[in-house]
Amino acid sequence: MNLQTTMNFSYYPGCSLEGMNKAYDKSARAVCDALGINLAELNDWNCCGASAYISIRELRAHLLSARNLAIAEKEKKDLVVVCPSCLTTLTKTNHYMAENPKLRQTISKALKETELQYWGSVKVRHLLEVIVNEVGQNEIKARIKNSLKDLKVAPYYGCQLTRPFGEIDDKEFPTILDTLLTWVGAKPVNFPVKTKCCGGMLMMTNEDVALGLVRNLLECARENGAECIATICPLCHMNLEAYQDNVNKHFGTDYKIPILYFTQIIGLAFGFSRKTLGIEEELTPSKALFEKHLEVIR
Amino acid sequence: MTKPKIAFNWASSCGGCEIAILELGTKLVELKDKIDIVFWPAAMDFKYSDLEAMPDKNIDVTFFNGAIQNSENEHMAQLLRAKSKILVAFGACAYMGGIPALANTKSKQQIFNSSYKETPTTDNPQGIVPQSKFQTPEGELTIPELYNTVKTLGQVVDVDYSVPGCPPVGPQVEKVVGTFLSGELPPKGAVLGASDKSLCHECKLEKTDRKVAKLVRTYETIPDPKKCLLEQGIVCMGPATRGGCGAICMDANNPCKGCYGPLPNVVDQGAKMLSALASILDADDEETIQKLADGVVDPIGTFYRYGLAKSLLRRTKQ
Amino acid sequence: MTEKIGVYVCHCGTNIGRTVDCKSVAEYARGLPNVVVARDYQYTCSDPGQEMIKNDIRELGLTRVVVASCSPLMHEPTFRRTVASAGLNPFLFQMANIREQCSWITEDRGLGTERAKEIVAGAVTRVNFNEPLEVKKVPVNPDVLIVGGGITGIESALQIADSGKKVWLVEKEPSIGGFMSRFDKTFPTLDCAACILTPKMVSVGQHQNIELLTYSDVIGFEGYVGNFTAKIRRRARYVDEEKCTGCGQCEQKCPLSVPSEFECGLGKRKAIYRPFPQAVPGTPVIDKEHCLYFTKGVCKVCQKFCPRGAIDFEQKEKIMEIPVGTAIIATGFDVFDAERVKEYGYGRLPNVITSLEFERLTHASGPTAGKILLKNGKQPESIAIIHCVGSRDVNYNEYCSRVCCMYSLKTAHLVHEKTEGKVYEFYIDMRAFGKGYEEFYKRLLEEDVTFIRGRVAEVTDVAQNPSEKGKLIVVAEDTLLGIVRRIPVDLVILSVGLQPRKDAVDVAHIFSISRSKDGFFLEKHPKLAPVSTAADGIFIAGSCQGPKDIPDSVAQGGAAAANVLSLIDRKEVELEPTIAIIDENACSGCKICPELCPYHAISFDEGKSIAVLTAALCKGCGVCVAACPSGAIEQQNFTNRQLLAEVEAVSS
Amino acid sequence: MTERFEPRIVGFLCKWCAYTGADLAGTSRMKYPPNINPIRVNCSGRVDPTLVLKAFASGADGVLIAGCHPGDCHYTNGNMKTIKRFKLLQHLLDEFGIEKERVRLEWVSASEGERYASVVRSMTEEIRNLGPLNWKRNMEVIA
């Protein structure tokens with residue numbers, strides 16, 4: 001593959017990509033490699049402060065975020081994340097520190113204790129947006145080795161990619177993933193619930209409600225003829241994938257919709273093996289899908 | 001009729017002003033019959049004690065060149081003020097601080113460090129710097145104390161008239177001397193030996209398009225000898241500087257550096273030049289403007305080469 | 001001569017007095033050089049307050065006066081008049097603003113008092129150097145420019161023209177009438193919009209004092225109050241207005257139909273068209289973008305059929321320069337682009353329409369001849385009306401668009417009347433503040449409309465149960481019941497808000513007027529000068545200043561007309577003498593200044609080799625003054641000495 | 001206990017935008033530190049750099065120049081002259097050792113009362129952190 005340019009970024013994987021969502025990490029790295037996006041994992045990164053933490057201990061969550069940002073600032077590169085929760089928390093800290101001098105002072109004081117300093121210059125970006133805006137259509141199309149033959153995909157964004165800031169796309173009805181899927185030869189289906197709740201952490205506390213929410217997503221995908229759902233968030237991915245059986249049991253349905261990270265779909269089009277993309281680790285089988293859609297199965 | 005008593009003094013300056021007087025040549029000899037020189041350390045043998053011994057207001061006119069940079073300069077300024085009826089700040093240094101006042105971009109400490117410790121040619125392992133007092137077996141020796149901030153003559157004593165220029169050009173010196181001999185004195189505070197209009201008024205270079213799209217330093221270009229230097233991107237202080245010199249620098253294809261000082265209605269020569277130059281910068285977006293602004297390397301040296309001590313801010317922060 | 005300065009420190013009731021110790025400020029002022037009297041007073045702008053100043057001028061022989069009170073924007077003219085009536089040149093007066101920018105912005109009386117003292121010191125020091133100035137008077141050209149031919153502009157034009165003054169009315173569109181010409185009925189009276197608007201349009205068209213320039217734009221506006229020159233571009237209509245009788249033959253014969261802008265794209269028009277049948281003027285225009293002759297070089301059917309030979313494909317646009325003395329800007333508004341609110345699905349879900357589209361649907365001469373129909377041609381059985389689309393929303397426009405609540409009620413009434421369907425109104429607050437509005441709301445409450453108080457979260461076609469299948473589901477939290485409701489309906493009408501016109505920025509530039517934070521044109525004072533602008537002689541009226549309903553727009557149109565007529569009747573106006581002057585003895589001819597002047601007021605006299613200023617062209621920005629490296633240019637009442645004195649006093 | 005340092009800021013406000021915006025802040029009863037002394041000029045383009053130097057030389061700790069947003073100048077483009085002078089002036093002041101935070105050029109429209117208030121707030125805060133400039137004393141240090 002001849003690479004015309006190399007784009008350098010710092011990379012913040014976040015906690016879930018080291019554990020439950022390894023496949024996301026794997027496929028993201030593989031795709032970036034192919035696209036000339038050089039991801040240098042942030043040295044000594046820590047928890048981003050997301051999930052329940054920021055709701056309960058807001059200041060400390062910001063401090064956790066700020067530490068990551070301070071480390072990233074030394075690298076003088078944009079910071080790429082793949083988990084929308086990390087994206088939101090890091091971006092929130094960035095915004096709030098810029099707007100609130102008191103918070104900035106408190107955090108700066110704390111950071112000083114570990115000889116760190118944060119000036120507010122780090123730009124936090126989601127990989128999806130980086131691929132679309134920095135790489136672009138032509139470079140992506142040039143790397144396609146395996147036609148997806150109009151694979152019908154429901155583009156699922158989840159709640160946090162565009163909210164609350166709306167910096168990447170429209171808050172309520174984004175289309176950036178739809179665009180990217182088109183570029184790699186897939187066919188995004190009408191999916192009006194694209195930013196609706198996946199149940200999130202309700203799965204632990206109020207499973208009935210959460211399963212209902214997952215069902216709404218699956219139902220809408222099926223109604224619109226989607227053969228799989230593309231995700232960009234580790235938590236969405238897990239709820240849709242791991243709880244599909246529970247949904248079927250609970251509601252007497254028979255959904256069997258493969259759930260793929262958007263990076264896995266790009267990877268497939270680029271001709272990577274399923275192993276490289278971590279696809280064999282999924283719970284809802286997608287093999288049939290590939291047989292139907294890919295010219296070369298690896 | 002008694003001949004008017006005249007004194008010359010040389011404070012912190014290069015001596016060019018003394019040369020400017022000598023440049024009068026044969027006319028100086030003619031002058032000898034009309035005036036009585038009572039004090040001129042650079043050319044004749046006078047002692048300070050001679051001066052101290054004079055009664056107050058004994059001298060008719062004192063031409064004082066050089067800035068006030070040390071305690072001796074100030075002492076002489078006060079002494080001559082007391083002894084003179086008319087005190088004239090002669091030359092850019094006495095009038096505005098001149099080149100010595102560029103020392104105001106540094107502190108005394110920094111100057112000592114640079115001069116006595118840091119220059120590559122300095123060999124001073126013990127790090128000795130001048131002391132104003134030193135005990136010897138023979139007693140205490142003193143030398144003048146260097147000031148942290150260079151001042152103009154007018155900032156330490158009351159000055160009657162000023163003659164700008166580095167140095168004042170010959171024809172103007174003649175005119176000034178003529179003025180005093182005539183006895184028709186201009187109002188106190190007047191600037192003598194210079195025009196009330198800027199150099200642009202007497203400069204022959206052609207002004208066509210008042211836009212500056214790039215800035216260059218003199219060593220970076222060979223300017224078109226017919227066109228206004230400012231329009232060619234060379235910062236020429238001409239618009240903000242009194243004429244009278246005959247635009248001799250521009251005749252030599254060199255920009256004016258401002259030695260004749262600000263115009264009558266102007267408070268701060270550098271600020272005015274800065275404002276005029278910025279106003280005609282040919283740029284509309286912030287980035288280009290910033291680039292052009294940054295193109296003025298050493299703004300103090302550019303806008304205040306001769307006038308720092310007389311400027312509003314006088315010196316840098318320390 | 002040393003000056004004798006009088007200083008008056010105003011308490012302005014408690015407005016200043018609460019956070020500034022006015023007594024001690026006056027005491028402090030008494031100690032300043034040349035101050036011979038300093039008093040504090042409750043309301044200096046009151047008659048006795050002004051009388052006190054006049055007395056002091058007469059009795060103490062004051063040569064300078066400083067009043068420390070409110071902003072000069074408020075009472076500078078007042079006190080200038082005061083000192084003038086006591087025989088002092090008004091420019092020997094200086095105002096110190098210790099209210100807007102001092103007492104009102106702090107709670108700290110100590111700091112507030114300190115600041116007030118410094119501000120007073122600045123004014124006192126400066127006033128020493130103030131110079132008497134003569135105010136120049138110039139005649140006012142009685143011709144008036146009105147920009148915008150909506151109901152506001154129409155009202156202004158008729159008022160002024162009826163008084164015998166000449167009006168140039170400029171309208172961008174092929175016809176005057178504005179948004180009102182597209183409405184069916186008007187709230188709260190439900191009278192037909194066309195019935196009340198059309199006669200006025202006709203009057204404008206026929207008025208001997210109104211020069212109507214439609215299909216035209218103002219592209220330049222120069223000069224000063226009483227003496228402006230408007231540059232107007234008349235776009236080519238390709239139809240000779242003199243010859244055309246408006247018979248409509250051309251429109252009938254034109255073979256090409258395109259979506260009509262007037263009908264929001266719901267209906268068609270021809271390539272040669274009048275936006276609507278009652279258009280004024282009745283002369284059609286040829287749409288060059290679509291016309292077969294212009295795009296393909298063939299056709300000319302209209303030319304063939306025109307009985308008067310009015311079609312002129314060779315017509316060129318014309319630039320006119322018109323001298324006027326005053327101008328009224330009544331450029332109106334744009335409706336909010338509903339597509340921006342993605343969650344309401346406008347543009348994506350076919351049966352989500354805007355209120356303006358509804359106006360056309362329900363209009364008897366609209367595309368459906370007044371029938372309310374879904375995209376499939378059926379009549380809706382249930383309809384939702386969503387308020388505040390794009391309004392009262394930090395994501396779009398924060399302000400309330402003022403008219404939507406009432407027109408939504410009207411919509412509900414009309415849609416219910418025509419379809420007998422079930423109508424739901426989703427509102428945040430019901431704002432029924434005008435005359436007869438609350439009563440109208442009451443009436444609707446009794447008309448079987450379901451009001452749901454809650455901001456709609458989304459409109460979706462994703463059904464969650466069989467009853468929702470094939471419907472649009474409106475999801476909202478009913479804040480009165482405290483539950484989330486999902487209401488399935490057939491038709492959703494979005495009550496879109498009003499926003500500044502896209503070209504408001506350009507108009508503001510052309511006329512040198514400001515815009516408020518929301519983007520509408522900024523009035524001189526929100527209460528006391530609602531149709532004036534900071535630029536003398538230029539007035540604003542109607543929705544270009546902020547959302548307004550028809551009665552308010554008409555009222556403003558009339559108010560602007562009254563302001564203009566008052567100016568014209570004064571016959572001459574005074575010009576601020578704060579212009580630049582060049583001292584020809586000091587000018588060195590460096591040529592820095594001439595090109596800096598945006599008004600070409602500075603020229604260069606090659607003979608004398610000096611710059612020369614034409615006073616009538618100078619507007620007093622002072623750019624040349626700051627630039628002049630010789631210090632040869634001064635600005636009257638803002639001289640270097642005055643400003644340097646003020647700076648020094650407030651800095652030390 | 002040391003007394004809190006109250007910076008003295010001189011504000012040059014154009015009468016069409018910034019001064020009106022500053023009035024609006026007051027009319028709306030917004031609160032900001034009373035540390036700014038406003039001087040009204042017709043246009044920010046009238047602000048001769050001499051005036052700024054004069055302010056510092058006379059004892060001001062900071063100088064604010066505020067005018068109409070670019071493109072909104074009542075005098076077409078006076079503010080563009082201002083930004084050019086400002087950039088060069090800032091460059092000069094930098095060499096004089098006067099920190100960038102002490103001299104600001106801000107665009108404040110007639111409707112931006114809140115913006116004006118927040119500019120003054122942040123400027124006061126920043127200068128308070130920098131401490132007094134005290135230029136008069138700076139010039140007098142001889143030894």
Side-chain angles (χ1 to χ4, degrees), chain B residues 191 194-213 227-231 235-245 247 250 255-256 258 260-282 284 303 307 312-313, chain C residues 125-126 129 131 509 580-613 621-636 638-652:
Chain B
V191 172
S195 152
D196 280 348
K197 292 206 174 197
S198 82
L199 266 175
C200 291
H201 194 67
E202 58 201 50
C203 174
K204 289 174 203 73
L205 300 184
E206 207 176 300
K207 305 186 241 326
T208 46
D209 189 19
R210 296 316 243 173
K211 279 195 185 107
V212 179
K227 277 174 65 182
C228 170
L229 294 163
L230 204 55
E231 289 174 19
V235 181
C236 172
M237 287 284 287
T241 304
R242 271 184 197 265
C245 61
M250 284 76 122
C256 168
Y260 263 65
L263 284 128
N265 295 339
V266 171
V267 176
D268 188 293
Q269 186 186 14
K272 263 303 181 192
M273 187 59 217
L274 179 150
S275 185
L277 173 65
S279 302
I280 58 169
L281 288 181
D282 192 14
D284 287 321
F303 299 120
L312 280 165
L313 294 181
Chain C
T125 315
R126 181 198 207 273
F129 300 101
E131 291 158 1
H509 283 173
I581 36 173
I582 300 178
D583 176 354
E584 84 172 64
N585 293 321
C587 174
S588 309
C590 68
K591 287 191 180 172
I592 297 278
C593 59
E595 281 183 43
L596 301 180
C597 179
Y599 307 105
H600 312 295
I602 305 178
S603 52
F604 196 77
D605 181 336
E606 294 286 350
K608 287 188 187 168
S609 191
I610 51 167
V612 181
L613 185 118
C621 63
V623 160
C624 58
V625 186
C628 176
S630 295
I633 317 184
E634 275 292 10
Q635 184 179 10
Q636 301 197 122
F638 289 92
T639 65
N640 288 321
R641 276 173 71 179
Q642 287 165 354
L643 291 178
L644 283 167
E646 190 174 357
V647 169
E648 187 172 10
V650 298
S651 303
S652 46

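Please read all numbers here as calculations on a predicted model, not as lab measurements.
Residue C:S609 holds its OG atom at 6.0 Å from NE2 of B:H201, rounded to the nearest 0.5 Å. To the nearest 0.5 Å, atoms CZ (B:R210) and CZ (C:F604) are separated by 9.0 Å.
Among the residues in residues 584-595 of chain C, those with a non-hydrogen atom closer than 4.5 angstrom to a non-hydrogen atom of chain B are C:E584, C:N585, C:A586, C:C587, C:S588, C:G589, C:C590, C:K591, C:I592, C:E595. Contacts between residues 268-276 of chain B and chain C, defined by a heavy-atom separation under 4.5 Å, are made by B:K272, B:S275, B:A276. For a heavy-atom cut-off of 4.5 Å, chain B lies close to C:V625, C:A626, C:A627, C:C628 in residues 621-628 of chain C. Near-neighbour residues of residues 643-652 of chain C relative to chain B, defined by a heavy atom under 4.5 Å from a heavy atom of that chain, comprise C:L644.
Heavy atoms from other residues, nucleotides or ligands lying under 6.0 Å from NE2 of C:H509 number more than 12.
Chosen from B:K211, B:R242, B:K207, the residue pairing most often with chain C at heavy-atom distances under 4.5 Å is B:K207. Of the residues considered (B:D209, B:T241, B:N265, B:L199), B:N265 shows the highest number of contacts with chain C, using heavy-atom pairs under 4.5 Å. If you tally non-hydrogen atom pairs under 4.5 Å between each of B:P239, B:C228, B:C200 and chain C, the highest count goes to B:P239.
Using a 4.5 Å cut-off between heavy atoms, B:L230 contacts chain C through its side chain alone, with no backbone atom that close.
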